Amino acid sequence: FFHSSGTAETPAINGNSFVLGTIRFQARDSAATRTMAQIISTMETGTSAGNLRTNLTFQTGQTTTATERLRITSTGTFGVNLTAPAATFDIKAINAADELFGLRVSSNGGTASFVVGQQAPYAGFVGIGTSAPGTKLHLSSGTITHDGTAPKYIFGAADSEVSMTT
């Protein structure tokens, strides 16, 4: 896709939210044709000659319109449910009241192996090997090892003891 404005001799630099291109996925219901998903490239605020900054947004729909769900900015930040991600990878819950975890990594069988809680009773808790962390950092079974040229630390050894070697 190619989109510009102005003339070849004097191209116009368009600011925030100027749409460069869109890919739409549409469906027809009994009332109308609706855009149910789309990918949009837009210019960012502060775009000027020689500094053409763009966003790429992904939108999906649950009813009759598509809503932004993911954004990649010109600086490489990646936001899920955020229009202005503040970190390299930034996630915001769609409906925080209904979602216990802001991030969940699951095994192929669906068992959570890593979670970051956002709602009570798990708010601010991180769980590794558990889907129900009970403390700020909850490690479920297994051994944690830091093994380098300096000290060696082992927590949760097979005999349920904590050992530290320097």
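All of these numbers come straight from a predicted model, not from anything done at the bench.
At least one donor-acceptor pair under 3.5 Å links the side chain of T135 to the backbone N or O of L137. The backbone N or O of R24 lies less than 3.5 Å from no partner atom in the side chain of T22, so there is not a single donor-acceptor pair. Without hydrogens or angle criteria, R71 side chain to T83 main chain gives a donor-acceptor distance under 3.5 Å.
The shortest side-chain heavy-atom distance between V126 and P133 does not fall under the 4.5 Å cut-off. Contact of the N55 side chain with the S74 side chain is not registered, since no non-hydrogen atoms from C-beta on lie closer than 4.5 Å.
Linking Ile, Leu, Val, Met, Phe, Trp and Tyr whenever their side-chain heavy atoms come within less than 4.5 Å puts F114 and V80 in one cluster. Hydrophobic clustering keeps L70 apart from L82 (ILVMFWY residues linked when any side-chain heavy atoms are closer than 4.5 Å, directly or through intermediates).
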For this session: Show the numbers, then the answer: is there a side-chain contact (heavy atoms from CB on, under 4.5 Å) between F58 and I40?
Result: CA-CA 7 Å; F58 295 78; I40 304 171; over 6 Å; no
For this session: Could you check V116 against Y122 for side-chain contact (heavy atoms from CB on, under 4.5 Å), going step by step and ending with a plain yes or no?
Result: CA-CA 8 Å; V116 178; Y122 309 119; over 6 Å; no
Problem set entry | Pair E44-T54, side-chain contact (heavy atoms from CB on, under 4.5 Å): steps then yes or no | CA-CA 5 Å; E44 288 182 5; T54 60; 5.7 Å; no
For this session: Report the C-alpha distance between F25 and M36 in whole Å, list the side-chain angles of each, state the deciding distance to 0.1 Å, and finish with yes or no for side-chain contact (heavy atoms from CB on, under 4.5 Å).
Result: CA-CA 6 Å; F25 303 88; M36 299 309 297; 5.7 Å; no
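Rounding to the nearest 0.5 angstrom, the gap separating the CG atom in L139 from the CD1 atom in I128 is 5.0 Å. One finds the CG atom of L20 at 7.0 Å from the OG1 atom of T42 (value rounded to the nearest 0.5 Å). Of the inter-residue distances, the one linking I39 atom CD1 with I23 atom CD1 reads 5.0 Å to the nearest 0.5 angstrom. The OG1 atom of T77 sits 11.5 Å away from the CZ atom of F89 when rounded to the nearest 0.5 Å.
Residues Q26 and T33 have side chains that never bring a donor and an acceptor to within less than 3.5 angstrom of each other. Side-chain contact annotation: Q59 with Q38, donor-acceptor N/O pair under 3.5 Å present.
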